[in-house]
There are 2 protein chains.
Amino acid sequence: MTEQSPRRMTKGERTRARILDSATELFSRSGFHAVSLRDIAAHAGLTHAGLLHHFPGKEELLVQVLGRRDRVDARLLFGPGTATPEGVLRTVVGFVARNMTTPGLVGLYVKISGESVAPEHPAHAYFVDRYRVLREQLTGAFAALFARADPPPGHDPALAARQLLALMDGLQTQWLLEPDAVDMHAAVTAFIRQLGLDLDLTPEPAPGP
Amino acid sequence: MTEQSPRRMTKGERTRARILDSATELFSRSGFHAVSLRDIAAHAGLTHAGLLHHFPGKEELLVQVLGRRDRVDARLLFGPGTATPEGVLRTVVGFVARNMTTPGLVGLYVKISGESVAPEHPAHAYFVDRYRVLREQLTGAFAALFARADPPPGHDPALAARQLLALMDGLQTQWLLEPDAVDMHAAVTAFIRQLGLDLDLTPEPAPGP
DNA sequence: GTCTATAGAAAGATAGAC
DNA sequence: GTCTATCTTTCTATAGAC
């Protein structure tokens, strides 16, 4: 969850990280508007005034919570694992598998993305951009895979990218409502098979120590 | 939007309906937590104290807003138009087409369903039940259509039902973020075609007055 | 049925002591 | 860097006049 080697973090950086962890967990549980800075500060073990020493306001705190998670995903999405079209799909399907181990973070995205469709929401621009990046990567991957598939399935790569992202998002809501009844990973891999693609989507072994 | 012939409504019933209309619109625009009873009352042309004469509290107001919309859909989903499997799909795809004309209501569902994954949310039980009903109807329809399709596509009807609902939900978020860039109806009908079904999903003419 | 007035709680944010 | 104390606003909800 933290970003740097803890040994090299100052006390302030550690407090900041603790605040971000708490904000992530509470936003995940209840959304943005339903959580107060006092809640977050108490969870992180300080007062809300202490919290505001590290972050200028609630909105900025949300943006940083989202940004921190996103940096992890972006590294995966543009890293060495996505040099091939199969790699891109493997990585995205890997997000789904990973998400099934972190209901809190999934809750964060479901709640905040729902709130963020309002243009004045502090995370609106963030989500517009996030979909754009994921869509572009997936569109390129589908284009390559459809072109080399036999027989060519004749789907629109951009549409397939949008459908896959929509499927992933919609499954998250159903999974959060009834975790035991929904296998998001199975539903996503089945969709890719329905597109006429026969890929090995076994995830790469996790990098490093 | 209103439910009864306006001529037979008392003044109180009319006010109640106006409040529900306003609550629907404002919840749609900004979600549950971000809207106050004062906002809703002002939009309906009375004070928040006047509003509370008609509804016991904010949560009950939300439940009634959702229930009113649902009664309309339930009538369609179990009405004469869904006597056949094709009719069920036609009706559900019709929901998508209708939704593209009412971004406000779509916003309501995206925001409230996102918030409602928390078990203590006033609309939690509502959404669990809503998915169950839609899933059951769609599973039955897919089972019949897969069985009679040539060649039989060999998909799991229950999984396809879940995928279709997830796709519809996920598309709504993308559509609300960028309305002009997303054609929900096209994406949904394409998905049904990808399942190996070749159906005429032209909507039935709306039932007359 | 709707209002004014207000209670009481909680929110985000700031000032200044330590 | 963190605290207490406080300001200001806004919220849900209630009481009682009209």
Base contacts versus sugar-phosphate-only contacts with protein, heavy atoms under 4.0 Å: please encode nucleotides 13-18 of chain C as B, S and - from 5' to 3'.
BB----
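One N or O on the side chain of B:Arg90 and one on the backbone of B:Asp200 form a donor-acceptor pair closer than 3.5 Å. Within the 3.5 Å criterion, the main-chain N or O of A:Thr10 finds a donor-acceptor partner in the side chain of A:Glu13.
As rounded to whole Å, 11 Å separates atom P of C:dG1 from atom CD1 of B:Ile19. If you measure from atom CD of B:Glu13 to atom P of C:dT2, you get 12 Å, rounded to the nearest angstrom. For A:His33 and C:dG12, the NE2 to P distance is 11 Å, given to the nearest whole Å. Per the geometry, CZ belonging to A:Phe32 stands 10 Å off C1' belonging to C:dG12, to the nearest Å. Whole-Å rounding puts the B:Leu61 CG to D:dC11 P distance at 15 Å. Here D:dC11 presents its P atom at 13 Å from CG of B:Leu51, a figure rounded to the nearest Å. Put simply, CZ on A:Phe55 is 16 Å from C1' on C:dG12, counting in whole angstrom units. Here C:dA10 presents its P atom at 17 Å from CD1 of A:Ile40, a figure rounded to the nearest Å.
A close approach under 4.0 Å does occur between a side-chain nitrogen or oxygen of B:Ser36 and OP1 or OP2 of D:dC11. In this model, the phosphate group of D:dT2 is approached by a side-chain N or O of A:Thr15 to a distance below 4.0 Å at OP1 or OP2. Look at B:His53 and you'll find a side-chain N or O under 4.0 angstrom from OP1 or OP2 of C:dG1.
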Given side-chain hydrogen bond (donor to acceptor under 3.5 Å, both in side chains), test B:Asp169 with B:Tyr109 step by step and report yes or no.
CA-CA 9 Å; B:Asp169 284 354; B:Tyr109 271 74; over 6 Å; no
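Applying the side-chain contact (heavy atoms from CB on, under 4.5 Å) test to A:Pro103 and every residue at least two apart in sequence or in another chain returns A:Trp175, A:Leu176.
Contact of the B:Leu66 side chain with the B:Val63 side chain is not registered, since no non-hydrogen atoms from C-beta on lie closer than 4.5 Å.
The six-membered or imidazole ring of A:Phe32 lies near that of A:His121, with a centre-to-centre distance under 6.0 Å.
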